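Comments concern the structure below.
Counting begins at 1 with the first residue of the sequence. Keep in mind the model is a prediction, meaning the values are calculated, not measured.
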Amino acid sequence: MKNNYVKISGIIANDVRVTKTGGGRTMTRFTVLTEDEKTFGEGTAKEYVRCVAWGKVADEIGEKSKDSHITFEGYIHNSSFTSNGEKHF
């Protein structure tokens with residue numbers, strides 16, 4: 001089993017953005033809203049997970065719309081960039 005493995009299930013929270021690379025590979029960007037019951041207290045804990053998918057998976061997700069339920073598996077990769085001397089994640 002891979003050490004860096006996740007399974008995410010939730011609702012697509014925004015419009016899926018589909019782009020093609022110069023080589024014709026598909027990339028999608030989307031955000032998934034996950035909800036979980038809180039361990040202590042009442043209510044639910046909500047998390048917004050920003051995601052990027054590539055290739056065949058990106059093609060399949062690109063056909064989905066906002067508010068669609070989605071479950072997928074993958075791995076976590078954090079990225080950052082620096083703008084005006086400030087690092088953004």
Side-chain angles (χ1 to χ4, degrees):
M1 182 175 183
K2 295 178 182 178
N3 288 331
N4 184 359
Y5 171 83
V6 295
K7 184 174 185 177
I8 296 175
S9 184
I11 304 297
I12 296 176
N14 60 353
D15 293 330
V16 177
R17 293 170 292 178
V18 180
T19 57
K20 295 274 188 182
T21 65
R25 192 168 180 211
T26 306
M27 178 185 78
T28 58
R29 291 183 182 272
F30 58 101
T31 302
V32 177
L33 168 62
T34 63
E35 293 185 77
D36 196 11
E37 291 185 24
K38 290 184 178 179
T39 304
F40 301 101
E42 298 180 14
T44 58
K46 296 181 180 183
E47 296 286 336
Y48 288 90
V49 182
R50 291 184 292 181
C51 304
V52 176
W54 292 90
K56 183 179 175 184
V57 174
D59 290 329
E60 292 175 14
I61 294 172
E63 296 175 3
K64 297 195 174 283
S65 61
K66 182 179 176 182
D67 298 326
S68 297
H69 185 270
I70 188 170
T71 299
F72 61 95
E73 300 172 350
Y75 65 94
I76 294 175
H77 173 81
N78 289 316
S79 60
S80 64
F81 66 94
T82 302
S83 176
N84 296 327
E86 185 176 343
K87 193 167 188 174
H88 301 269
F89 294 92

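Among all heavy-atom pairs drawn from G10 and V32, the shortest one is CA-CG1, 3.7 Å.
The CD1 atom of I11 sits 8.0 Å away from atom CD of E35, with the distance rounded to the nearest 0.5 Å.
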For residues 14-21, which side-chain donor-acceptor pairs fall under 3.5 Å, sequence neighbours excluded?
unit_1, atom_1, unit_2, atom_2, d
N14, OD1, T31, N, 3.0
N14, ND2, T31, OG1, 3.4
K20, NZ, T26, OG1, 2.7
T21, OG1, G23, N, 3.4
T21, OG1, G24, N, 3.4
T21, OG1, R25, N, 3.0
T21, OG1, R25, O, 3.4

For residues 47-58, which side-chain N or O atoms pair as donor and acceptor with protein atoms under 3.5 Å away, sequence neighbours left out?
unit_1, atom_1, unit_2, atom_2, d
R50, NH2, F89, O, 3.3

Using atom types as modelled, flag every donor-acceptor pair under 3.5 Å from a side chain in residues 63-74 to any protein atom, sequence neighbours excluded.
unit_1, atom_1, unit_2, atom_2, d
S65, OG, S68, OG, 3.4
S68, OG, S65, N, 3.4
S68, OG, S65, O, 2.8
H69, NE2, S9, OG, 3.2
T71, OG1, S9, OG, 2.9
E73, OE1, Y5, OH, 3.3
E73, OE2, Y5, OH, 3.1

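Checked by atom type and distance alone, the side chain of D36 never pairs as donor or acceptor with a backbone atom of A45 at under 3.5 Å.
If you chain together hydrophobic residues whose side chains sit under 4.5 Å apart, I76 and I61 fall into the same group.
Contacts of F81 classified as ring-ring contact (aromatic ring centres under 6.0 Å, His included), with partners at least two apart in sequence or in another chain: H88.
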